[in-house]
Amino acid sequence: MCVGQGRVNQLGGVFINGRPLPNHTRLQIVEMAAAGVRPCVISRQLRVSHGCVSKILNRYQETGSIRPGVIGGSKARVSTPEVERRIEELRQESPGAYSWEIRDRLVKEGLCDKNNAPSISAISRFLKESAARAGGHKHSIDGILAGRRRDGRFHEGC
DNA sequence: AGCGTGACGGTTGAC
DNA sequence: TAGTCAACCGTCACG
């Protein structure tokens, strides 16, 4: 509480790191752009970085909304009970299986498709938790995902 | 000069 | 309850 995290950017504008711009500022950006004002002018006038103006306008074009995305929370873990059950089964069938192998199986078996299949880390986590629940039957899935960086910043080339 | 893009440091909130 | 982690944020710097 009592945030007080206001910082000043190169243009002299105040922003809170990690938090979206206030709604009225976002609205102003799209309104000015709609009125034909150039992004660089918007950026200077509102004292918002041009990268941000570009981002917000881009998003507005794509979604038709000025609102920021949903911040925080984690992706649903392993989507359905059915999928969870299948993962348990696969684990019992082949305890040494890698998370990606299990994921592959789920997709192949049609329990989920490529786009909505649980992430590797979700599977790994689910396995860990279910192993713990089952009474500490631990196998070394840990660390398989070690290379995964947050935010996908690490552009791992598949 | 203006713009697009990616790295970066940060916050949030479901799990 | 506290910790983890993947989503998002805006700024900055580079091409």
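In what follows, chains carry the letters A, B, and so on, assigned in the order in which the sequence lines appear, proteins first and then strands, with residues in each chain numbered from 1. All heavy atoms count here, side chains included; hydrogens, waters and symmetry mates do not.
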Contacts of Arg67(A) that satisfy side chain to side chain contact (heavy atoms under 4.5 Å, CB included) - sequence neighbours left out: Ser65(A)
Residues passing the side chain to side chain contact (heavy atoms under 4.5 Å, CB included) test with Arg44(A), sequence neighbours excluded, are Cys40(A), Val41(A)
Return no unless some side-chain N or O of Gln10(A) is found under 4.0 Å from OP1 or OP2 of dA13(C). yes
Under 4.0 Å from OP1 or OP2 of dT11(C): is there any side-chain N or O of Asn9(A) that close? yes
Tell me, please, which residues at least two apart from Ser43(A) pass side chain to side chain contact (heavy atoms under 4.5 Å, CB included). Leu11(A), His50(A), Val53(A)
Between CD1 on residue Ile42(A) and SG on residue Cys52(A), distance to nearest 0.5 Å: 11.0 Å
Evaluation steps, side chain to side chain contact (heavy atoms under 4.5 Å, CB included), between Leu46(A) and Met32(A): CA-CA 10 Å; Leu46(A) 300 182; Met32(A) 288 172 80; 4.1 Å; yes
Please give me every residue in residues 38-57 of chain A whose heavy atoms get under 4.0 Å of an atom in DNA chain C, ordered by residue number. Val48(A), Ser49(A), His50(A), Gly51(A), Cys52(A), Lys55(A)
What residues in residues 18-25 of chain A put a non-hydrogen atom under 4.0 Å from any atom of DNA chain B? Gly18(A), Arg19(A)
Glu62(A) atom CD is separated from dG4(B) atom C1', nearest whole Å, by 13 Å
List the atom pairs, donor and acceptor, that lie under 3.5 Å between side-chain atoms in residues 19-28 of chain A and the rest of the protein, sequence neighbours left out.
{"from": "Arg26(A)", "atom 1": "NE", "to": "Ile66(A)", "atom 2": "O", "distance (Å)": "2.7"}

Rounded to the nearest angstrom, tell me the gap between atom CD1 in Ile29(A) and atom C1' in dC9(C). 13 Å
Looking at every heavy atom in both Val30(A) and Tyr60(A), which two are closest together, and how far apart are they? CG1-CG, 3.7 Å
Rounded to whole angstrom units, what separation is found between the CD1 atom of Ile71(A) and the C1' atom of dG10(C)? 10 Å
In whole angstroms, the gap separating P of dT11(C) from CG of Leu11(A) amounts to 8 Å
Measuring to OP1 and OP2 of dC9(C), would you say a side-chain N or O of Arg59(A) lies under 4.0 angstrom away? yes
Classify the side chain of Asn17(A) versus the base of dG10(C) as yes if they form a donor-acceptor pair under 3.5 Å and no if they do not. no
